[in-house]
Amino acid sequence: MAQKYWLMKSEPDVFSLEDLKKEFDSTTHWDGVRNYQARNFMRDEMKIGDLVLYYHSNCDEPGVVGIAEVVREGYPDHTAWESGSKYFDPKSAPENPRWIMVDIKWHKAFKRTVTLHEMKSTPELSDMRVVQRGQRLSVQPVEKKHFDKVVEMGLNS
DNA sequence: GCCAACGTTGGC
DNA sequence: GCCAACGTTGGC
């Protein structure tokens, strides 16, 4: 299967790309996703070696700040059955996990943020999911041509 | 903090 | 299985 490309959103106040870099081995498990479409992507389609555009949302300058890499494929999100967790879901159970996460590793920081505003005004990116109106999916597939374009923008000035 | 967009829930 | 109510996301 060919390498695939993704975009994952995180609020930098909660967990930024810099935070990911500081983790042990610059790796974290992407817990807390509670949306079925996003879960299905992680469960069924994300593979080791896939690359991820790391997107900061809900902040002064929303946009893509760098790249991460998938290092572990879908497995149960244990926070769903931890009753103290903010991600606790009584309908999930260890014997029948409802929610899935992957592990991602810091790969590269852009020289600069490729802002949402900028992506929206870039013709080559006009049909990219993240620039579509009302697009809230926190894990979404990205076409190679879009991935390459965003990376090019982020690594040049 | 507002609010539009969208997903989920639950009554019927 | 419809759909109104509600909760969340996330740009602005």
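Every chain is numbered from 1 and lettered A, B, ... according to where its sequence line falls, protein lines coming before strand lines.
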So which one's nearest nucleotide on DNA chain B is more toward 5', A:G134 or A:R98?
A:G134
For the residue pair A:D31 and A:H78, confirm or rule out a side-chain donor-acceptor distance under 3.5 Å.
no
Could you pull out all residues at least two apart from A:R34 that satisfy salt bridge (Lys or Arg N to Asp or Glu O under 4.0 Å)?
A:D77
Report all side-chain donor-acceptor pairs from residues 101-111 of chain A shorter than 3.5 Å, counting only partners two or more places apart or in another chain.
{"residue": "A:D103", "atom": "OD1", "partner": "A:Y75", "partner atom": "OH", "Å": "2.5"}
{"residue": "A:D103", "atom": "OD2", "partner": "A:Y75", "partner atom": "OH", "Å": "3.4"}
{"residue": "A:K111", "atom": "NZ", "partner": "A:L155", "partner atom": "O", "Å": "2.9"}

For nucleotides 4-9 of chain C, tabulate all protein N/O to nucleotide N/O atom pairs closer than 3.5 Å, reporting atom names and distance.
{"residue": "C:dT8", "atom": "O2", "partner": "A:R136", "partner atom": "NH1", "Å": "2.8"}

Using the test ring-ring contact (aromatic ring centres under 6.0 Å, His included), find all partners of A:Y54 that sit at least two apart in sequence or belong to another chain.
A:W30, A:H56
Grab the stems for DNA chain B, please: at least three consecutive Watson-Crick or wobble pairs, both distances below 3.5 Å, written as range with range.
B:1-12 with C:1-12
Answer yes or no: does atom CG of A:D60 have more than 12 heavy-atom neighbours from other residues, nucleotides or ligands under 6.0 Å?
no
Is any side-chain heavy atom of A:V52 closer than 4.5 Å to one of A:I67?
no
Pull out every residue in residues 115-131 of chain A that has a heavy atom closer than 4.0 Å to any atom of DNA chain C, ordered by number, or say none.
A:L116, A:K120
To check you understand the geometry: which heavy-atom pair defines the closest contact between A:M46 and A:M8, and what is its length?
CE-SD, 3.8 Å
When the ring centroid of A:W6 is compared with that of A:Y55, is the distance short of 6.0 Å?
no
Any donor-acceptor N or O pair under 3.5 Å, side chains A:Q3, A:D50:
no
Ion pair A:K149/A:E143, N-O distance below 4.0 Å:
no
